[in-house]
Engineer: 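Okay, here's the structure, questions in a sec.
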Amino acid sequence: MTLPLDLLTFSLLSTVRNPFPMPDHVVTRFAPSPTGYLHVGGARTALFNWLWARRSGGTFLLRIEDTDQKRNTPTATQQVIDDLTWLGITWDEGPQKGGPQGPYFQSERLELYDGHVQRLLDEGKAYYCFETTQELDARRKEAEAKKQGFIYRRPPQLPSEQEAADARAAGRPVTVRFAIPQDQTILVSDLVRGDVRFEASEIADFIIRKNDGFPTYNFACVVDDFLMKVTHVIRGQEHLNNTPGQQVLWTALFGGDSLPKYVHMSVTVSDAGGKLSKRERPKALLTAIKKMQDVDLVRLAQAGRISAEALRGFLDKKSTPDMPSVDAMAAFLGLHLPEINVVDFVKSGYLPEAMINFLALLGWNPGDDREIMGLEELIQAFDLDRISKSNSLFDRNKLVAFNTEHMRKVGKETLRRHMRAYLERAGSPVQKADDALLGRIIEMCDGARTLADIEAKLRFAFVEDDEVRYDPKSVKKVLRKVGAMECLALVRDKLAQLDHFTEEALEGLLRGLAEQKEVGLGKVAQPLRVAICGSNVSPSIFDSVKLLGKESTLARIDNTLKKFGDE
RNA sequence: GGCCCCAUCGUCUAGGCAGGUCUAGGACACCGGGUUUUCAACCCGGCAACAGGGGUUCAAAUCCCCUUGGGGCUACCA
């Protein structure tokens, strides 16, 4: 007796003429909800949509899904816009740009949704619902106790408009649910998953309009994707289970012919387990604090600009401070938290070119051995059918390697531009360098892995002589070595006699000295390096001394001799 | 609990749909060596995988089933 099912499946399949016809004009969208910073998972989704639109000469649009009045944060939209802009992902229609299907904020499209809700209501395809959240929770718990799933289904008699009005007058919550047509198998044809079947009986009559009059995600996204003529819905796999419901809703609203192609990409998972989440940073901070001893909680709370109670709540896992507080506390403790949000990567000194390249390869590949690719190359190579099905882990090591390669690949001018922006954001003293100088000193750092590395290497030359911070490890490793201070004193005398600090002169002087003492250059160069830089990480010793100039070099050597000489 | 997705080196992955050419390729990480004025970069070499079981077949990483494992969803969140 399997015949009926087979027949049903067949009839569903046969209504689709060509499963994957290529639309004339591709339209993709990125539809974030403004609840905080854009994180890498979101950036990857945006990128894939963008890449596909660019590849196929289509349109990419940005739509802000601000339908949750409780969770929206006022600055989030701007943050998302900033982050996409930094990445170089530009939209053809959306906020700040407008477009024929605007507005692009869902909160400004309420009337539009209402019209469609009313239509469904009138056609008996949707119905009013008056339960409170508490009542629903109770029913859910009850089902759970019986080890059953809770699937909301319409009552035999649908409430009338009058009853809805009465309920509203009585102060009851009034929501609208979509009545999922029963007794059918819903076939979702996904471009990367293939055909996925769902039983209608397993899909609840989901809410399409909340009590506050706002649409839910599952409703607004269907209406907007249709109105905005979206042809490809490319999103994370976490939406696959929403798709049958959305598809049935779409069909009820607009008919099945206009259905978009669905592309559900794998989820990016964290090395901490589970999908990469914004909660990881506070979690990492908490773990680190617990591991540390003698943490000054009063000062920590001050650093994070939170109250003592708030900090206690955080330590007891009862509450989580906001991101700026988390960042500030991590900075106070000298911790490096895992980057999650796009801004985290900006602050850590990554290049957008490297981010884009890395993100593109997370769940996609060009089919050959190419890995380091520029934007144009990615666009040319991109194709939906090379998106992989399995989840991928976000590996920061590989990102660093990509960044190192792109630091060379982008070219001097671009690198200098990125560096300038990085320095300004970080408020680094290296900002004092003009463009010509900045260009020259960046070249001294060839092979650096991030912009932060370059900054760290160059910083010494832009602080006052008495502001040099001496890294204890470097001091121990270099200055405390037998003979180091004597050697440094000798170097000081020689340098004092040198009039012109050119590279050749310095090299001649230091190499000559090493030869004369029958030691390697390192014996001479290292104490000098630590004396002027405060650390054993700097550009070449000749570059470093020349950059600093005679006066400062001598002053810093004297400071060092005084400070570490007689200990 | 229910439903859905996924499964190749530690990690990202090629190969899978059109089974033999796969003693499974590349990259990152790691280990060893080289270069060297530090860090980094760079060069050479090495380690390392088809989750398990059953089928189908002359032949399975590749097709089918089961088990196991991982992930997602199960909201008046998106």
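Letters A, B, ... mirror the listed sequences (proteins, then strands); counts begin at 1.
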Engineer: Please find out if less than 6.0 Å separates the ring center of A/Phe564 from that of A/Tyr470.
Structural biologist: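 Yes, they do, as the ring centres are separated by less than 6.0 Å.
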Engineer: Counting any heavy atom closer than 4.0 Å, what does A/His239 reach on the DNA or RNA strands: base, sugar-phosphate only, or nothing?
Structural biologist: base
Engineer: Picking from B/C6, B/C76, B/U37, which would you name as closest to the side chain of A/Arg193?
Structural biologist: B/C6
Engineer: Under the ring-ring contact (aromatic ring centres under 6.0 Å, His included) rule, what do A/Trp364 and A/Phe382 come out as? Steps first, then yes or no, please.
Structural biologist: CA-CA 8 Å; A/Trp364 173 85; A/Phe382 191 76; 5.3 Å; yes
Engineer: Determine the interatomic distance between C1' on B/C64 and the same-named atom on B/C28; round to the nearest Å.
Structural biologist: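 Per the computed distance, 35 Å lies between those C1' atoms.
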Engineer: For B/A78, does the base pair up with any side-chain atom of A/Asn242 as donor and acceptor (N or O, under 3.5 Å, distance only)?
Structural biologist: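 Per atom types, the contact qualifies.
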Engineer: Which nucleotide in the set B/C76, B/C6, B/G71 lies at the smallest distance from any side-chain heavy atom of A/Ser390?
Structural biologist: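 Minimum distance to the A/Ser390 side chain belongs to B/C6.
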Engineer: Distance between the C1' atoms of B/G10 and B/U21, in whole angstroms?
Structural biologist: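 The answer is 30 Å between these two C1' atoms.
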Engineer: Does A/Lys457 contact B/A40 through a side-chain donor or acceptor facing the base, at a distance under 3.5 Å?
Structural biologist: no
Engineer: Identify whether any heavy atom of A/Glu131 sits under 4.0 Å from a base atom; if not, whether one sits that close to sugar-phosphate; answer base, sugar-phosphate or nothing.
Structural biologist: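 Result for A/Glu131 = base.
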Engineer: Do A/Tyr217 and A/His239 make the cut of ring centroids closer than 6.0 angstrom?
Structural biologist: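 That pair passes the under 6.0 Å test.
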Engineer: If you look at every strand shown and take non-hydrogen atoms under 4.0 Å, does A/Pro539 touch a base, only sugar-phosphate, or nothing?
Structural biologist: base
Engineer: So is A/Arg44 actually on top of A/Phe48's ring, under 6.0 Å and inside 45° of the axis?
Structural biologist: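 So A/Arg44 does make the cation-pi contact.
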Engineer: Please state whether the phosphate of B/A78, meaning OP1 or OP2, lies under 4.0 angstrom from any side-chain nitrogen or oxygen of A/Thr67.
Structural biologist: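 Yes, A/Thr67 has a side-chain N/O under 4.0 Å of OP1/OP2 on B/A78.
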Engineer: Counting the atoms with a prime plus P, OP1 and OP2 as sugar-phosphate, which does A/Ser540 contact under 4.0 Å by heavy atoms, base, sugar-phosphate, or nothing?
Structural biologist: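 Contact class for A/Ser540: base.
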Engineer: For nucleotides B/C65 and B/G70, find the distance between their P atoms and express it as a whole number of Å.
Structural biologist: 22 Å
Engineer: Between A/Val196 and A/Lys70, which residue's closest nucleotide on RNA chain B lies nearer the 5′ terminus?
Structural biologist: A/Val196
Engineer: Checking A/Arg153 side chain against A/Ser201 main chain: does a donor-acceptor pair fall under 3.5 Å?
Structural biologist: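 Flag set: sc A/Arg153 to bb A/Ser201 pair under 3.5 Å.
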Engineer: Taking only the side-chain nitrogens and oxygens of A/Arg396, find out if one of them lies under 4.0 Å from OP1 or OP2 of B/C12.
Structural biologist: no
Engineer: Would you mind classifying the nucleic acid contact of A/Asn365 as base, sugar-phosphate or nothing, using non-hydrogen atoms under 4.0 angstrom?
Structural biologist: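 Answer is sugar-phosphate: A/Asn365 comes under 4.0 Å of backbone atoms only.
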Engineer: For A/Gly520, report the nucleic acid contact type (base, sugar-phosphate, nothing); a contact means any heavy atom under 4.0 Å.
Structural biologist: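 It contacts nothing in the nucleic acid.
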Engineer: Please pick, from B/G26, B/A78, B/C3, the nucleotide with the shortest atom-to-atom distance to any side-chain atom of A/Glu202.
Structural biologist: B/C3
Engineer: Nearest to the side chain of A/Leu240, which nucleotide is it out of B/C5, B/U13, B/A75?
Structural biologist: B/C5
Engineer: Partner lookup for B/A18, please. Criteria are Watson-Crick or G-U wobble with both distances under 3.5 angstrom; report none if nothing qualifies.
Structural biologist: none
Engineer: Which part of the nucleic acid, if any, lies within contact of A/Ile541, taking any heavy atom under 4.0 Å across all strands shown: a base, the sugar-phosphate backbone alone, or nothing?
Structural biologist: base
Engineer: Could you pick out which residue, A/Ser538 or A/Asp369, lies toward the 5' side of RNA chain B when each is mapped onto its nearest nucleotide?
Structural biologist: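 Here A/Asp369 is the residue nearer the 5' end.
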Engineer: Nearest of B/A14, B/C5, B/C28 to any side-chain atom of A/Asp395?
Structural biologist: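 Looking only at heavy atoms from C-beta outward on A/Asp395, the closest nucleotide is B/C28.
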Engineer: B/G1 pairs with which nucleotide, Watson-Crick or G-U wobble, both distances below 3.5 Å?
Structural biologist: B/U74
Engineer: Mark yes or no for a side-chain to base donor-acceptor pair under 3.5 Å between A/Glu238 and B/G71, with no hydrogen or angle criteria applied.
Structural biologist: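 No.
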Engineer: Work out how far the P atom of B/G15 is from that of B/G25, and round it to whole angstrom.
Structural biologist: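 15 Å, rounded to whole Å.
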Engineer: Choose from B/U37, B/C12, B/C77 the nucleotide whose nearest atom is closest to any side-chain atom of A/Phe542.
Structural biologist: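 Of B/U37, B/C12, B/C77, B/U37 is nearest to the side chain of A/Phe542.
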Engineer: For the side chain of A/Asn536, starting at C-beta, report the closest nucleotide among B/U38, B/C76, B/U37.
Structural biologist: B/U38
Engineer: Just checking A/Phe394 against A/Phe345, ring centres under 6.0 Å apart?
Structural biologist: yes
Engineer: Should B/C30 form a Watson-Crick or G-U wobble pair with both distances under 3.5 Å, which nucleotide is its partner?
Structural biologist: B/G46
Engineer: Please name the nucleotide paired to B/U35 by Watson-Crick or G-U wobble geometry with both distances under 3.5 Å, or report none.
Structural biologist: none
